[in-house]
A.B. asks: 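Below: one structure in structure tokens.
Letters go in sequence order (proteins before strands), and every chain restarts at 1.
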Protein chains: 2
Amino acid sequence: MVAAARAVLDDGSALSMRAVAGRLGVAPNALYSHVDGREGLLDAVLDDLLGTLPLPDPSTEPEAGLTAVMTASHELLLAHPGLAPHFVARQGARGPNAQRLGDAMRVLLAAAGVTSEAAQDTAIRVLVVHAIGDAAVAAGPEGTGPFDLDVLRASYAVGLRWLLEGALRACEHFPGL
Amino acid sequence: MVAAARAVLDDGSALSMRAVAGRLGVAPNALYSHVDGREGLLDAVLDDLLGTLPLPDPSTEPEAGLTAVMTASHELLLAHPGLAPHFVARQGARGPNAQRLGDAMRVLLAAAGVTSEAAQDTAIRVLVVHAIGDAAVAAGPEGTGPFDLDVLRASYAVGLRWLLEGALRACEHFPGL
DNA sequence: ACCTGAACACCGTTCAAGT
DNA sequence: ACCTGAACACCGTTCAAGT
């Protein structure tokens, strides 16, 4: 069922209950026996996709590892533009796979000296909002809005670098914050 | 008419053509004599709101000025949560008032040493995406999602500071970039 | 120029009923 | 458990017609 949803999504069509049902050759309301509403379906699809992301090796250099995981997440959303707005509306994902990614980021942050949980929280939040916000903007009205996809990737990378430098520098100056 | 739309929006209701028409005591399709579709109406409302933002004094210290204008924009979107998702989908505003704000930001960036137009473009893009992305996430499903509005404001401010430091530092090291 | 009624092609969701 | 038909309460938009 999440497979059917992903298929609909990859067709470029908007993910509607009726479209998913149609692809399964089933009445629209039949879906409600398996998922609690559209919101739940989108959450399931989202976490399914997040499960395909490679977890960063905890032994890699922290900044490189964080850059890798955030870039991969951003790229995943760029590949599924129909999902980005929902990702934004839901304030990020909270499924088990999203949890795994968050934990991996915490490990990397801690290795970089960001040890306090509160500092990790804000760092993760800022990084995630940047990724999903940028992807949602990139999703835009058409396949390609006024921006080329490459300048988009480039500007995301720039913002990501600035944020990471800021996050890690903050804890050089106040170790143990 | 944009006034009616703003009224609907401030009621907390989603901005639908039919809601705006209802508030005006008019049939829904009557709106199409004044605006070209829902998209156009939202653009008009958005630019109307941006017109209420104070322009930063060009003589202020650049970083403070940029912080002020971005914080004000973010605050404006927080006050109109129904608008943020559309702002994201439209890849930012492009009306005359948005243009004015962009120009003001360019002046401040230039005063801070960011003189090349390309560098200004990416800086503005990164800052704007951060603001609207964060506001859209804050808009969330309910009035208050899992996040308190204050921690939201705080984490936005942190991200903003990191981005500004990054943007301005880039041009200390490579003046005239 | 501005509005109306009627209609089209969609939504998500619920409810009672079937197997 | 899983599906169906019918219905409800919505959408945005168009078209022909009225004033």
A.B. asks: Residues two or more places apart in sequence or in another chain: which of them pass salt bridge (Lys or Arg N to Asp or Glu O under 4.0 Å) with B:Glu63?
C.D. replies: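 Here no residue qualifies.
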A.B. asks: Can you tell me which residue pairs pass the ring-ring contact (aromatic ring centres under 6.0 Å, His included) test with a partner in residues 90-115 of chain A, sequence neighbours excluded?
C.D. replies: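 Matches after skipping sequence neighbours: none remain.
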A.B. asks: Tell me, please, which residues at least two apart from B:Ser155 pass side-chain hydrogen bond (donor to acceptor under 3.5 Å, both in side chains).
C.D. replies: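 Counting only residues at least two positions away or on another chain, B:Ser155 forms a side-chain hydrogen bond (donor to acceptor under 3.5 Å, both in side chains) with A:Arg125.
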A.B. asks: Applying salt bridge (charged side-chain N to carboxylate O under 4.0 Å, His left out), which residue pairs with at least one partner in residues 9-20 of chain A are found, sequence neighbours left out?
C.D. replies: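 Listed once each, the pairs are A:Asp11-A:Arg23.
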A.B. asks: Which listed nucleotide (C:dG12, D:dT4, C:dC2) is nearest to the side chain of A:Ala30?
C.D. replies: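 For the A:Ala30 side chain, the nearest candidate turns out to be D:dT4.
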A.B. asks: Between D:dC10 and C:dA9, how far apart are the P atoms? Round to whole Å, please.
C.D. replies: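 My reading of the P atoms in C:dA9 and D:dC10 gives 22 Å.
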A.B. asks: Got a sec, which pairs hit ring-ring contact (aromatic ring centres under 6.0 Å, His included) with one end in residues 59-78 of chain B, sequence neighbours left out?
C.D. replies: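 Matches after skipping sequence neighbours: B:His74-B:Tyr156.
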A.B. asks: Identify every side-chain donor-acceptor pair in residues 41-56 of chain A under 3.5 Å, counting partners at least two apart or on other chains, and give the distances.
C.D. replies:
{"unit_1": "A:Asp43", "atom_1": "OD1", "unit_2": "A:Arg90", "atom_2": "NE", "d": "3.1"}
{"unit_1": "A:Asp43", "atom_1": "OD2", "unit_2": "A:Arg90", "atom_2": "NE", "d": "3.2"}
{"unit_1": "A:Asp43", "atom_1": "OD2", "unit_2": "A:Arg90", "atom_2": "NH2", "d": "2.4"}
{"unit_1": "A:Asp47", "atom_1": "OD1", "unit_2": "A:Asn97", "atom_2": "N", "d": "3.3"}
{"unit_1": "A:Asp47", "atom_1": "OD1", "unit_2": "A:Ala98", "atom_2": "N", "d": "3.2"}
{"unit_1": "A:Asp47", "atom_1": "OD2", "unit_2": "A:Asn97", "atom_2": "N", "d": "3.1"}
{"unit_1": "A:Asp47", "atom_1": "OD2", "unit_2": "A:Asn97", "atom_2": "ND2", "d": "3.2"}
{"unit_1": "A:Asp48", "atom_1": "OD2", "unit_2": "A:Arg6", "atom_2": "NH1", "d": "2.8"}
{"unit_1": "A:Thr52", "atom_1": "OG1", "unit_2": "A:Leu49", "atom_2": "O", "d": "2.6"}

A.B. asks: Starting from C1' on D:dG12, measure out to CD on B:Glu39 and report it in whole angstrom.
C.D. replies: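 The answer, rounded to whole Å, is 11 Å.
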A.B. asks: What's the CG-P distance between B:Leu31 and D:dG12, to the nearest Å?
C.D. replies: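 So the two atoms are 10 Å apart, to the nearest Å.
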A.B. asks: Just jot down the side chain to side chain contact (heavy atoms under 4.5 Å, CB included) partners of A:Ala111, sequence neighbours excluded, or say none.
C.D. replies: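 A:Ala111 satisfies side chain to side chain contact (heavy atoms under 4.5 Å, CB included) with A:Pro62 once adjacent residues are dropped.
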A.B. asks: On the nucleotide D:dA1, are OP1 or OP2 found under 4.0 Å from the side-chain N or O atoms that A:His34 carries?
C.D. replies: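 No.
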A.B. asks: Just how far is it from atom CG of A:Leu76 to atom CD1 of A:Ile132, taken to the nearest 0.5 Å?
C.D. replies: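 Interatomic distance, A:Leu76 CG to A:Ile132 CD1, rounded to 0.5 Å: 12.5 Å.
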A.B. asks: What stems, by residue range, does DNA chain D take part in, given at least 3 consecutive Watson-Crick or G-U pairs under 3.5 Å?
C.D. replies: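 Stems (3+ consecutive pairs) listed as C:4-8 with D:12-16, C:12-16 with D:4-8.
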A.B. asks: Go through D:dG12, C:dC2, C:dG12 for me and flag the one nearest to the A:Arg38 side chain.
C.D. replies: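 Nearest listed nucleotide: C:dG12.
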A.B. asks: B:His86 has an atom NE2; how far is it from atom P of D:dC11, in whole Å?
C.D. replies: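 In whole Å, D:dC11 P and B:His86 NE2 are 17 Å from each other.
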A.B. asks: Go through the structure and list residues passing side-chain hydrogen bond (donor to acceptor under 3.5 Å, both in side chains) with B:Glu165, not counting sequence neighbours.
C.D. replies: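 Once residues adjacent in sequence are excluded, the partners of B:Glu165 under the side-chain hydrogen bond (donor to acceptor under 3.5 Å, both in side chains) criterion are A:Arg169.
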A.B. asks: Please give, in whole Å, the distance from C:dC2 P to B:Leu24 CG?
C.D. replies: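 Computing the B:Leu24:CG to C:dC2:P distance gives 13 Å.
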A.B. asks: Please give me every residue in residues 13-21 of chain B whose heavy atoms get under 4.0 Å of an atom in DNA chain C, ordered by residue number.
C.D. replies: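 Heavy-atom cutoff 4.0 Å gives no residues at all.
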A.B. asks: Set out, line by line, the N/O atom pairs under 3.5 Å between protein and nucleotides 14-19 of chain C.
C.D. replies:
{"unit_1": "C:dT14", "atom_1": "O4", "unit_2": "A:Asn29", "atom_2": "ND2", "d": "3.2"}

A.B. asks: Salt bridge (charged side-chain N to carboxylate O under 4.0 Å, His left out): which pairs involve residues 97-113 of chain B, sequence neighbours left out?
C.D. replies: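 Listed once each, the pairs are B:Arg106-B:Asp121.
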